[in-house]
Structure formats: C-alpha cells, structure tokens
Amino acid sequence: MRYSFTSSIQDSAVQTPLVLAQDVRVHYGHREIISGLDMKVSPGEFIALVGANGAGKTTLLRTLMGLISPSSGTVSILGRSPIAAREKIGYVPQKHYFEWSFPITVKDAVLTGRTRAIGWFRRPSTDDWVSVFRAIERSGITHLQDRVVGELSGGQRQRVLLARALASDPSLLLLDEPFTGVDAPTQDSLNELYTSLAEEGLGIVMSTHDMLSALTHCSRICGVRGNLALDAPAHQLSVEELHRWLREA
Ligand code: ATP
C-alpha cells in the first residue's frame, strides 16, 4: 500500500506522539521553574504557550529542544530523546538571539539551519540547497534570498528565522515569541503561514503574549504556571477568561 508523506506522518503518530513530556521538572540552581509538567503534541496541532513573564515558556521550549536537561521526568520527540531527534525540530528563537549585523545573505543564513544535517566538514550538497530554497519559498522570501540579513525589516527577519527552522525539514516547530517587533498585518500573515504549515502535518508550539491572535489562529492553548495549569482547545476559551487566568498567577 502507498501512503502520502503527510498521511504516513499522521499514521505513525497514532503510535508515537510528536512530543511526549512526562512529569518534567527543570531547575535553575535551586529554583524550580517547571514542576511536574505533562504535555503531548500531535502532528497538525498549532499550540499557543501562554503565561506571565518569567513563567517558564522559553525554558519549556528549550527543554523540548534538548538545550536544557530536565532534573527529572522524560521528554521524547517522535519516541526519541530531543538530542537524537534534533533534526526533526525547527526552533525559531526570539529575534535578538540571532546576530543580524553579521554580513550574510538570506540564503546563507537559512543554510545555517542545515548545519546539523550537513556537519561541519562537508560542503552543502544539491539536496541541501533544494531544502534551503524550498524553505525560503515556503516562508515567502524568495525575492529576498540574496539580500543581506541586516537590511531587512522586523517581519522579513521573522520569515528568515522561520525559513532557517524549516531548512532541516522538521516535524516539530518551536516558536519563541515570534511577533516581537512585527506589525499587525505582518503578524496576521505569519499566523496564516503557521496555520497552513500545521495543516500540512507539522506540530507547532508557539510562546506568545498575544491572547487574541492565539485564540484566533491556534488550535489549543497551554498555560504555563509551573506545569501546564491550563490546557484546552482554543474554541472553548475567551480572551477575558485567558486574561483572568493570567491575573490569577
Ligand atoms: P517571558 O514571557 O518574559 O519571555 P518566560 O515565560 O519565557 O518569560 P523564562 O525565560 O523561561 O520565562 O524564565 C523563567 C524563569 O527562569 C525567570 O524567572 C527567569 O529569570 C529564570 N531564568 C531564565 N533563564 C535562566 C538562566 N539561564 N539562569 C537562571 N535563571 C534563569
């Protein structure tokens, strides 16, 4: 029997979730930031991670990514450790984590998203460049591919970071506050892009402070307060309820 790419991702996900976090605890020194968190993400979900400043959203994303090791509990990505599954994870960090003054073109910046696939000692192959140009096209920045990254606007930079994350052909996309410094129309078009990527089978977890756009575009809202103190389908919540939940923190 033949399967399409998307249906084979979804079929395998019946047995193996994209993300499975169980009783995860994360400490910075003696301070517990994440306390006994359980989380499951399936392909096609577009999840908004909300919570007060300092609640632990970035910490959770970095833990799912394997950049932070939990003090206890387990995280698996497609049934493997985050480190082993790293190529399957696309991470869009907050914009200030990227060195925009570096004199590098968009296509070379996007190629850095394939460093793990290429390794440090091999030249990029034709297949690597095919993935790079596909990610650039998917992110809507083909017309910018030869521009230097430092010349770009906030919204354009956000698309470069997205293309860089897509360049490794991930199954899971982690977005850390992707709307900082982005105007409202650009935010809407980025949200539409994330939605269509989720419809194609990608699982997306996005930390955000914009409750209205989270409710409008995301399928599920997860609220971080030590653990996932809130976890509900977006259509069951209102902006007022979300703001009330945040104030209770
Ligand atoms: P924001 O919405 O403001 O971005 P957040 O929910 O993403 O916040 P985190 O950045 O995960 O929160 O930080 C959670 C807590 O951990 C904060 O109190 C922060 O000061 C602290 N923290 C973050 N990184 C470190 C670190 N490397 N060492 C020690 N403490 C840290």
Side-chain angles (χ1 to χ4, degrees), residues 19-41 45-77 81-83 86 89-100 154-155 157-158 161-162 164-165 172-184 186-187 190-191 194 203-218 220-232 234 237 239-249:
V19 175
L20 186 62
Q22 292 176 298
D23 200 17
V24 169
R25 289 176 193 277
V26 177
H27 290 81
Y28 289 125
H30 293 298
R31 213 173 134 217
E32 187 168 78
I33 307 296
I34 305 282
S35 41
L37 179 141
D38 296 309
M39 185 179 198
K40 188 172 167 184
V41 181
E45 285 198 289
F46 181 12
I47 295 175
L49 207 56
V50 304
N53 286 123
K57 301 178 293 297
T58 298
T59 301
L60 175 57
L61 292 177
R62 291 171 69 81
T63 304
L64 299 182
M65 179 72 193
L67 295 173
I68 297 174
S69 300
S71 5
S72 65
T74 55
V75 175
S76 70
I77 308 294
S81 75
I83 302 284
R86 190 66 78 77
I89 308 171
Y91 181 50
V92 177
Q94 292 187 16
K95 257 190 330 201
H96 55 262
Y97 280 101
F98 190 83
E99 187 44 78
W100 295 100
R157 289 180 184 197
Q158 204 58 57
L161 292 179
L162 174 63
R164 186 165 158 266
L172 173 69
L173 201 53
L174 304 175
L175 310 170
D176 198 352
E177 293 187 36
F179 303 128
T180 316
V182 169
D183 61 33
T186 305
Q187 180 170 337
L190 281 168
N191 264 318
Y194 303 145
I204 304 180
V205 183
M206 170 180 79
S207 81
T208 181
H209 287 281
D210 188 333
M211 302 303 149
L212 182 57
S213 96
L215 288 175
T216 308
H217 297 278
C218 296
R220 199 170 127 206
I221 310 291
C222 290
V224 180
R225 191 187 289 157
N227 54 22
L228 283 196
L230 171 74
D231 187 350
L237 296 165
V239 175
E240 292 73 27
E241 284 170 318
L242 269 185
H243 282 298
R244 199 175 316 128
W245 182 84
L246 278 172
R247 279 197 302 273
E248 286 166 9

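What you are looking at is a predicted structure, and each value in this text was computed from that prediction instead of being measured. Computed over heavy atoms, backbone and side chain alike; hydrogens, waters and symmetry mates excluded. As the structure lists them, so they are numbered: ligands from 1, and atoms in each ligand from 1.
Glu177 counts as a contact of ligand 1, since one of its heavy atoms falls under 4.0 Å from the ligand.
No N or O atom of Gly51 sits closer than 3.5 Å to an N or O atom of ligand 1. Note: an N/O pair closer than 3.5 Å links Gly54 and ligand 1 by distance alone.
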Worksheet item: Step by step, would you call Thr208 with Glu177 a side chain to side chain donor-acceptor pair (under 3.5 Å)?
Response: CA-CA 5 Å; Thr208 181; Glu177 293 187 36; over 6 Å; no
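Both the backbone and the side chain of Asn53 come within 4.0 Å of ligand 1, judged by heavy-atom distances.
For atom 23 (C) of ligand 1, the nearest non-hydrogen atom of the protein is Tyr28 CE1, 3.4 Å. Nearest to atom 10 (O) of ligand 1 among the protein's heavy atoms is Thr58 CB, 3.7 Å.
Every residue two or more places apart in sequence or in another chain that forms a side-chain contact (heavy atoms from CB on, under 4.5 Å) with Ser81 is listed here: Ile83, Ala84. Applying the side-chain contact (heavy atoms from CB on, under 4.5 Å) criterion to Ser35, with sequence neighbours excluded, gives Arg25, Glu32.
Judged by distance alone, with hydrogens and angles left aside, the side-chain atoms of Arg225 form no donor-acceptor pair with the main-chain N or O of Glu248 at under 3.5 Å. Checking side-chain atoms of Lys57 against main-chain N and O of Val50 turns up no donor-acceptor pair under 3.5 Å. When atom types are taken as modelled, the side chain of Thr63 and the backbone of Thr59 share a donor-acceptor pair closer than 3.5 angstrom.
Atom numbering of ligand 1 starts at 1 in the shown order; those under 4.0 Å from a heavy atom of His209 are 2 (O). Which parts of ligand 1 touch Arg31 is read off a 4.0 Å heavy-atom cut-off, strictly below it: atoms 18 (O), 21 (C). Close approach of ligand 1 to Ala52 is summarised as follows: ligand atoms under 4.0 Å from at least one heavy atom of the residue are 6 (O). Using a 4.0 Å cut-off to heavy atoms of Thr59, the atoms of ligand 1 that qualify are 9 (P), 11 (O), 13 (O), 14 (C). Residue contact check: Lys57 has heavy atoms under 4.0 Å from atoms 1 (P), 2 (O), 5 (P), 6 (O), 7 (O), 8 (O), 11 (O), 12 (O) of ligand 1.
Gln94 and Thr180 share no donor-acceptor pair across their side chains, judged by distance under 3.5 Å alone.
Applying side-chain contact (heavy atoms from CB on, under 4.5 Å) to Asp176 and the options Leu49, Val92, Thr58 leaves one that passes, Thr58.
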